[in-house]
There are 2 protein chains.
Amino acid sequence: MTASAARVDARPSLRKRVGNGAARRIDADEIGLDALVGHAGYAVRRFQIWIFQDFIRTLGDVDIRPTQYSVLTVIGANPGLSQMAVAKRLGIERARLVHLLDSLEQRKLVKRVKSKTDRRSHALHLTGQGETALAKFKRLAAEHERHVEAKIGKANRERLLQILADFT
Amino acid sequence: MTASAARVDARPSLRKRVGNGAARRIDADEIGLDALVGHAGYAVRRFQIWIFQDFIRTLGDVDIRPTQYSVLTVIGANPGLSQMAVAKRLGIERARLVHLLDSLEQRKLVKRVKSKTDRRSHALHLTGQGETALAKFKRLAAEHERHVEAKIGKANRERLLQILADFT
DNA sequence: GGACAATTGTTGTCGTCAACAACAATCTTC
DNA sequence: GAAGATTGTTGTTGACGACAACAATTGTCC
């Protein structure tokens, strides 16, 4: 859509007599979205909500949410990182990461080790318990990923990951 | 903008190695994501955040957020809808829609008209002011959409909309 | 026709999350 | 050594989703 989208499109045409009293039941499927259909943001938002809901449900037994999973994964792959480094890499506020780590540390999945080279910072590590737990989380996350595949198709999922590779 | 913005901090002495083998300065780019790269949810989430930020910035002058825009668009395309219908179509809690409409009604963009056929419900309409305002919003939203196109490429954006069509 | 269930808008609470601001402790730089 | 920057922390604000409860109204069923 280019300049045409900017024009005030004259009449919304799908109504069935609203002016008088003859209103009828309207199903959600027959409500037009108009300009919204052309917006990537709307589709992406709805899709993201769907994905997160499935992730949360699939990892429900172990009580791990997407953000927690991402934190554990990054720490597991890069032991010793500082909170700042993790926050920057994942695009999380460092203030927010504090609470996330508080929770994960309470569950004995992660430990904050005082860094010897920079006494301001903490070196983040998985606990032994955290390592085995993460292995399980990864299996469940893979199961979730198969749900995504089933939803949009294997090829589409591949293409999606490819298109959005810059954002990871 | 491109990747250049992310590397503002590439400054002088990030020593690459500390003699005792302890820690060294680590750039966000060199932190591995491990399992996260294979997850559609992570990429989609990051992309969605980017999109919303750009939308909010692009529509910043008129102070319209994505959800408000979606509500206005749907009402504009389907005048007379009830709050329930709008909420269901957009996947918004009807409790949440109350506040959204309160705000939009205060700004004289939308009006709630008592329905004569169902005295419980309100028929939602744009005001005259709302119509001309929405036209402007759509122009700005189209501009935002061009930003998306510039970011991921025209063909990729088309493909994305196609892949996610079911979620609209 | 009348009792009972369902729907609509509303209010309120709770938890998640992004965006800031401020602060003490600790580097870094000059 | 002083000035400035960084790290982790605490706190606040506002958008948002999920629920629960409620009054007014409508729909249904016997």
Side-chain angles (χ1 to χ4, degrees), chain A residues 23-28 45-46 48-53 55-57 60 63-71 81-88 90-103 105 110 112-124, chain B residues 8-9 11-15 18 22-28 45-46 48-57 59-60 63-71 81-88 90-105 110 112-124:
Chain A
R24 72 183 177 76
R25 227 358 196 263
I26 299 182
D27 261 353
R45 172 68 172 152
R46 296 296 295 259
Q48 188 254 315
I49 289 175
W50 183 90
I51 284 197
F52 267 44
Q53 279 174 348
F55 188 99
I56 293 170
R57 192 166 2 102
D63 190 29
I64 287 290
R65 319 191 89 256
T67 312
Q68 294 175 314
Y69 178 73
S70 69
V71 170
L81 283 188
S82 70
Q83 296 185 195
M84 194 62 208
V86 171
K88 205 178 287 181
L90 291 177
I92 302 174
E93 286 276 324
R94 66 185 199 279
R96 166 121 190 79
L97 187 59
V98 172
H99 301 298
L100 283 168
L101 288 175
D102 285 348
S103 159
E105 204 172 24
V110 166
R112 288 188 246 224
V113 180
K114 282 178 186 285
S115 167
K116 281 165 186 166
T117 58
D118 186 341
R119 281 151 60 203
R120 292 170 303 179
S121 70
H122 295 154
L124 302 174
Chain B
V8 212
D9 55 348
R11 281 216 299 107
S13 61
L14 300 170
R15 41 181 196 190
V18 163
R24 74 183 176 83
R25 205 41 176 247
I26 298 182
D27 249 356
R45 172 69 172 153
R46 295 297 295 260
Q48 188 254 316
I49 289 175
W50 184 90
I51 284 197
F52 268 44
Q53 280 173 347
D54 184 87
F55 187 99
I56 293 170
R57 192 165 3 102
L59 296 243
D63 191 29
I64 287 291
R65 319 190 92 257
T67 314
Q68 295 175 314
Y69 179 73
S70 70
V71 170
L81 283 187
S82 71
Q83 297 184 193
M84 194 61 207
V86 171
K88 206 177 288 178
L90 290 177
I92 302 175
E93 285 278 322
R94 67 185 198 279
R96 166 117 192 81
L97 188 58
V98 172
H99 301 298
L100 283 168
L101 288 175
D102 285 348
S103 158
L104 294 175
E105 205 172 23
V110 166
R112 290 186 244 225
V113 180
K114 281 179 187 284
S115 166
K116 281 163 185 166
T117 58
D118 186 340
R119 283 153 57 202
R120 292 170 303 180
S121 70
H122 294 154
L124 301 174

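Chain letters run A, B, ... following the sequence lines, proteins first, then strands; residues in each count from 1. Basis for what follows: all heavy atoms, side chains included, without hydrogens, waters or symmetry-related copies.
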Item to complete: Figure out the CG/C1' separation between A:Asp102 and C:dG15, and round it to whole Å.
Response: 16 Å
Discussion item. Please confirm whether the shortest side-chain N or O distance from B:Arg96 to OP1 or OP2 of C:dT10 is below 4.0 Å.
Written reply: no
Discussion item. So B:Gln68, base contact, sugar-phosphate only, or nothing? Heavy-atom distance under 4.0 Å.
Written reply: nothing
Item to complete: Find the distance A:Ile49:CD1 to C:dT16:P and express it as a whole number of Å.
Response: 17 Å
Discussion item. Of the options C:dG9, D:dT10, D:dA18, whose atoms approach the side-chain atoms of A:Val98 most closely?
Written reply: D:dT10
Worksheet, complete the sentence: note: A:Gln48, atom CD; C:dT16, atom P; distance rounded to Å ~ 16 Å
Worksheet item: Nearest to the side chain of B:Leu100, which nucleotide is it out of D:dG8, D:dC16, C:dA19?
Response: D:dC16
Worksheet, complete the sentence: Rounded to the nearest 0.5 angstrom, the NZ-CZ distance for A:Lys114 and A:Arg120 is 13.5 Å
Worksheet item: Which value, rounded to the nearest 0.5 Å, describes the distance between A:Leu97 atom CG and A:Asp102 atom CG?
Response: 9.5 Å
Fill in: Stepwise side chain to side chain contact (heavy atoms under 4.5 Å, CB included) test for B:Gln83 and B:Arg94
CA-CA 7 Å; B:Gln83 297 184 193; B:Arg94 67 185 198 279; 5.9 Å; no
Discussion item. Using the side-chain heavy atoms of B:Gln53, tell me which of these nucleotides is nearest: C:dA19, C:dG9, D:dG8.
Written reply: C:dA19
Worksheet item: Are the side chains of B:Leu59 and B:Arg65 in touch, meaning some heavy atoms are under 4.5 Å apart?
Response: no
Item to complete: Starting from the C-alpha separation in whole Å, work towards a yes-or-no answer on side chain to side chain contact (heavy atoms under 4.5 Å, CB included) for A:Leu124 and A:Arg112.
Response: CA-CA 5 Å; A:Leu124 302 174; A:Arg112 288 188 246 224; 3.7 Å; yes
Worksheet entry | Axis-to-axis angle between the two ends of the helix from C:dG1-D:dC30 to C:dC30-D:dG1 (five base pairs per end, rounded to 10 degrees) | 30°
Worksheet item: Say you draw a straight line from CG of B:Leu104 to NE2 of B:His99; how long is it, rounded to the nearest 0.5 Å?
Response: 13.0 Å
Worksheet item: How many Å lie between CZ on A:Arg57 and C1' on D:dG17, as a whole number?
Response: 15 Å
Discussion item. Quick one, B:Ile92 and B:Val71 - any side-chain contact, counting heavy atoms below 4.5 Å?
Written reply: yes
Practice prompt. Would you please confirm or rule out a distance under 4.0 Å between OP1 or OP2 of D:dC16 and any side-chain N or O of B:Thr67?
Written response: yes
Worksheet item: Roughly, in whole Å, what's the span from NE2 in B:His99 to C1' in C:dT11?
Response: 7 Å
Worksheet entry | Pairwise distance CG(B:Leu81) to OG(B:Ser115) - rounded to 0.5 angstrom | 11.5 Å
Collect all protein-nucleotide pairs involving nucleotides 20-28 of chain D in which both atoms are nitrogen or oxygen and the distance is under 3.5 Å.
{"unit_1": "D:dT26", "atom_1": "OP1", "unit_2": "B:Arg119", "atom_2": "N", "d": "3.2"}

Worksheet item: Under a 4.5 Å cut-off applied to non-hydrogen side-chain atoms, are A:Ser103 and A:Gln68 in contact?
Response: yes
Discussion item. Distance check needed: C:dA25 P versus A:Arg112 CZ, whole Å only.
Written reply: 18 Å
Worksheet entry | Between C:dT11 (P) and B:Leu97 (CG): distance, integer Å | 13 Å
Worksheet item: A:Ile56 CD1 to D:dA18 P: how many Å, rounded?
Response: 9 Å
Item to complete: Please report the closest heavy-atom contact between B:Ile64 and B:Phe55, naming both atoms and the distance.
Response: O-CE2, 3.8 Å
Discussion item. If you only use heavy atoms from C-beta on, which nucleotide in C:dT10, C:dT16, D:dT9 is closest to the side chain of B:Gln83?
Written reply: C:dT10
